[in-house]
There are 2 protein chains.
Amino acid sequence: MSERVVPPAARRRRRPTKQGVVLSEELIVETALRLIEEHGADALSVRRLGRALGADPSSLYRYFRHTDDLMLAITDELIGRTLSTWRPTGDWRADLRDLGLRMHAGALAHPRAAVLSSYRVTGRVHEIQAVETILGVLRDAGFPDPDAVRIYHAFVDQALAFGAFDSASVALPQAAREAETAVWRATYARLPADTHPHIAATAHHLVTDMSHSSYPAALDLLLSAATTRLSQTKDKS
Amino acid sequence: MSERVVPPAARRRRRPTKQGVVLSEELIVETALRLIEEHGADALSVRRLGRALGADPSSLYRYFRHTDDLMLAITDELIGRTLSTWRPTGDWRADLRDLGLRMHAGALAHPRAAVLSSYRVTGRVHEIQAVETILGVLRDAGFPDPDAVRIYHAFVDQALAFGAFDSASVALPQAAREAETAVWRATYARLPADTHPHIAATAHHLVTDMSHSSYPAALDLLLSAATTRLSQTKDKS
DNA sequence: TTAACAGGTCAACGGTGTTGTCATAAGGTG
DNA sequence: CACCTTATGACAACACCGTTGACCTGTTAA
C-alpha cells in the first residue's frame with residue numbers, strides 16, 4: 001500500500017469501471033471542475049466525485065495521493081487555461097497589465113475553484129512556465145534581479161489574492177451578496193455629516209466605487225510604482 | 001426546533017454543564033480562539049470545542065445557529081482587537097503603512113477566521129469607524145475626493161485580500177505547508193539554465209523571497225504610487 | 001499460455017456538523 | 001414555600017466526510 005499512485009506515463013491497463021467509464025487524470029480533473037462550478041465548492045468530495053464519474057471513490061486514490069493532490073491538479077489546469085492565449089508584446093508594463101487582468105478574470109470565471117486554489121504552489125508545468133515568462137518580462141525590461149523577483153512576487157500574489165478575494169464575493173449566496181451591496185447605500189450613504197464628515201463628503205463616490213473590484217486600480221498603482229523604481233535604477237547607471 | 005438560539009439578553013438560567021462549566025457566548029468565543037492558537041487551525045471543530053469547554057457539542061447550538069455563526073462572532077471580536085490600539089499620528093503615509101501591517105498581522109494571527117470572513121461587509125460600528133478614519137487620513141493629506149475613495153478602496157481590499165491569501169497558506173495542514181516550501185528548493189531551484197534561464201538566474205532570490213509574504217512590498221508599492229499621485233495633484237494647483 | 005500486477009471494488013474506521021428528543025434545574029409567580 | 005414554565009444541557013442518531021487494507025479480475029508482456 002506504500003505507493004498506490006502510478007505516474008501517468010506508466011499507466012497502461014485501462015480497465016473500465018463497473019459503469020463503463022475509463023478513468024484518467026484529465027477526466028477526473030475535468031469532472032471535478034464541472035462539479036465545483038455547478039454545485040459549489042462544497043460539492044467537491046471524493047465520494048461525490050466518484051459518483052459523478054461512475055466509479056468507486058477509492059478508485060481515485062490510484063490517481064491522486066489525497067484530495068490535496070487533486071486540488072493542485074485542478075489549480076494547475078486553471079493556470080494553464082489562463083496563460084494559453086497570452087503572448088508578451090515587448091512592452092513590459094502593458095504586458096503585465098494584460099496578464100494581471102487575465103488572471104483576475106480567470107479567477108472570476110471559476111470563482112469557487114479560485115477560492116480553494118489560488119494560494120497553492122503546485123510546482124507543475126503550467127505554473128513553472130508562468131514563473132519563467134513573467135520573470136523574463138521583468139528582467140528584459142531592465143529590472144535588476146532582486147527587484148525583478150520582488151516585483152514578480154508582489155505582482156503574482158496581488159493578482160491571486162484579489163482573484164480569490166473578489167471570487168469569494170461572487171461565490172456568496174445571492175441573498176448575502178445583495179445584502180452586502182445594500183449596506184453601502186442603506187448604511188454608509190446615510191451617515192450624518194456631523195458624526196461622520198469624511199464618509200458623508202464622499203458618499204456618492206463610495207457607493208459607485210465600492211461596487212466594483214478595486215483590482216484594476218491596485219494593479220495600476222503597483223505598475224506605476226514599478227515604473228518609478230525602474231527609472232530611478234536607470235538614472236543611477 | 002425552528003429556533004433554538006436565544007438572544008444573549010434573554011439568557012438567565014445559567015445552569016452549569018455536567019463538568020461544572022457555566023457556558024456563555026464570550027467563553028465559547030474565547031475558548032475557540034485559544035483552541036486555534038494552541039492546537040492549530042484544524043483543531044476547531046464543534047466536538048473538540050465542546051470537549052475543551054467541558055460540555056456536550058450540541059450545547060453549543062444553543063448559542064450559535066451553525067459553525068459559520070461562531071466564525072463571524074470570532075471575527076467580530078478580532079476586528080475590535082485590531083483597531084482598538086491604532087491611533088493616527090498625522091503622517092498619512094506612516095499611518096496607513098502601520099494600519100495595513102496591523103490588519104495583515106491580525107489576519108495571520110487567526111488564519112482560519114480570516115479566510116472565512118475577510119471579504120464580508122458588516123456595516124457594523126467598528127467597520128464604519130475604520131472607513132471614516134482612513135478616509136479622513138487621505139482627505140486631510142490632500143487627496144481629492146475621487147482619489148481618496150479609490151486609494152481607500154485599493155488599500156483596504158489589498159490588506160484584506162493579502163490577509164486572507166497569506167492566512168490560507170498558514171491554515172494549510174502542516175504537511176501541505178512544508179511540501180510547498182520544499183517545491184521552491186526542490187523544483188524551481190534545480191531547473192536548468194538552458195530551458196528556464198530566468199528562473200535559473202534568479203533562483204537564489206526566489207528561494208529566499210517566496211517564503212515570505214509579499215504584502216509589505218505590495219503595500220509599499222501602493223503607498224509610493226499614491227505619494228507620486230499626490231505630488232502631481234499639488235503641482236497642478 | 002501463463003504469471004504479474006495495475007487498477008478496479010468493497011467494507012470498515014474514526015472523524016465531522018447537525019438535529020430530534022428528553023430530562024432537569026433555575027426562576028418567576030401566587 | 002410550592003408550583004409551573006421553560007431555558008438549557010445531554011444523549012443518540014443521521015448522513016456525510018477522507019482514507020486504507022484486503023480482495024478480485026482483466027490486461028499485458030514474456
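Everything numeric in this text was worked out from a predicted model, so none of it was measured. Within every chain, numbering begins at 1; the chains are lettered A, B, ... in the order of the sequence lines, protein sequences first and strands thereafter.
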- Mapping A/S58 and A/A43 onto DNA chain D by nearest heavy atom, which one lands closer to the 5' end?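 The residue whose closest nucleotide sits nearer the 5' end is A/A43.
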
- For DNA chain D, whose closest nucleotide is more 5', that of B/V21 or that of A/P57?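 Its nearest nucleotide lies further toward 5', so the answer is B/V21.
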
- Query: Is atom NE2 of B/H66 surrounded by more than 12 heavy atoms (other residues, nucleotides or ligands) closer than 6.0 Å?
  - Reply: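 Yes.
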
Once you round it to whole Å, what is the distance between [atom2] of [N] and [atom1] of [X]?
| X | N | atom1 | atom2 | result |
| --- | --- | --- | --- | --- |
| B/F64 | D/dT8 | CZ | P | 13 Å |
| A/L27 | C/dG8 | CG | P | 11 Å |
| A/L60 | D/dT19 | CG | C1' | 12 Å |
| B/K18 | C/dA25 | NZ | P | 12 Å |
| B/H66 | C/dT19 | NE2 | P | 8 Å |
| A/Y63 | C/dT9 | OH | P | 10 Å |
| A/R62 | D/dA22 | CZ | P | 13 Å |
| B/D69 | C/dT18 | CG | C1' | 13 Å |

- Among all residues two or more places apart in sequence or in another chain, which pass the salt bridge (Lys or Arg N to Asp or Glu O under 4.0 Å) test with B/R150?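 Partners of B/R150 under the salt bridge (Lys or Arg N to Asp or Glu O under 4.0 Å) test: B/D147.
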
- Message: Give the residues of residues 45-56 of chain B touching DNA chain D, defined as any heavy atom closer than 4.0 Å, sorted by residue number.
- Response: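 B/R47, B/A55, B/D56 - these, ordered by number, are the residues of the stretch whose heavy atoms sit under 4.0 Å from the strand.
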
- What residue pairs, at least two apart or across chains, pass ring pair (Phe, Tyr, Trp, His ring centres under 6.0 Å) with a residue in residues 96-118 of chain A?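 Of all non-adjacent pairs touching residues 96-118 of chain A, those that pass ring pair (Phe, Tyr, Trp, His ring centres under 6.0 Å) are A/H104-A/Y215.
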
- With the side chain counted from C-beta on, respond yes when A/Y152 and B/D209 share a heavy-atom pair under 4.5 Å apart, and no when they do not.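 The answer is no, as the side chains (C-beta and beyond) never meet within the 4.5 Å cut-off.
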
- Query: Just wondering, do B/I134 and B/L96 contact through their side chains at under 4.5 Å, heavy atoms?
  - Reply: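 Yes; the side chains approach each other to less than 4.5 Å.
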
- Message: Checking B/R102 against B/T85 for the side-chain hydrogen bond (donor to acceptor under 3.5 Å, both in side chains) test, could you report, in this order, the C-alpha distance in whole Å, the side-chain angles of both residues, the deciding distance, and whether it holds?
- Response: CA-CA 10 Å; B/R102 273 171 195 254; B/T85 58; 2.7 Å; yes

- Could you go through the side chain to side chain contact (heavy atoms under 4.5 Å, CB included) check for B/F162 and B/M103 one step at a time? CA-CA 10 Å; B/F162 270 89; B/M103 291 174 70; over 6 Å; no

- Which part of the nucleic acid, if any, lies within reach of A/S59 when heavy atoms closer than 4.0 Å are counted: base, sugar-phosphate only, or nothing?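 Base contact.
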
- Task: Establish whether the base of C/dG7 is bridged to the side chain of A/R15 by a donor-acceptor pair shorter than 3.5 Å.
- Result: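 In this structure, the two groups form a donor-acceptor pair.
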
- Message: Is the phosphate of C/dC10 approached by A/Y61 (side-chain N or O, under 4.0 Å from OP1 or OP2)?
- Response: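 For C/dC10, OP1/OP2 do not have a side-chain N/O of A/Y61 under 4.0 Å.
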
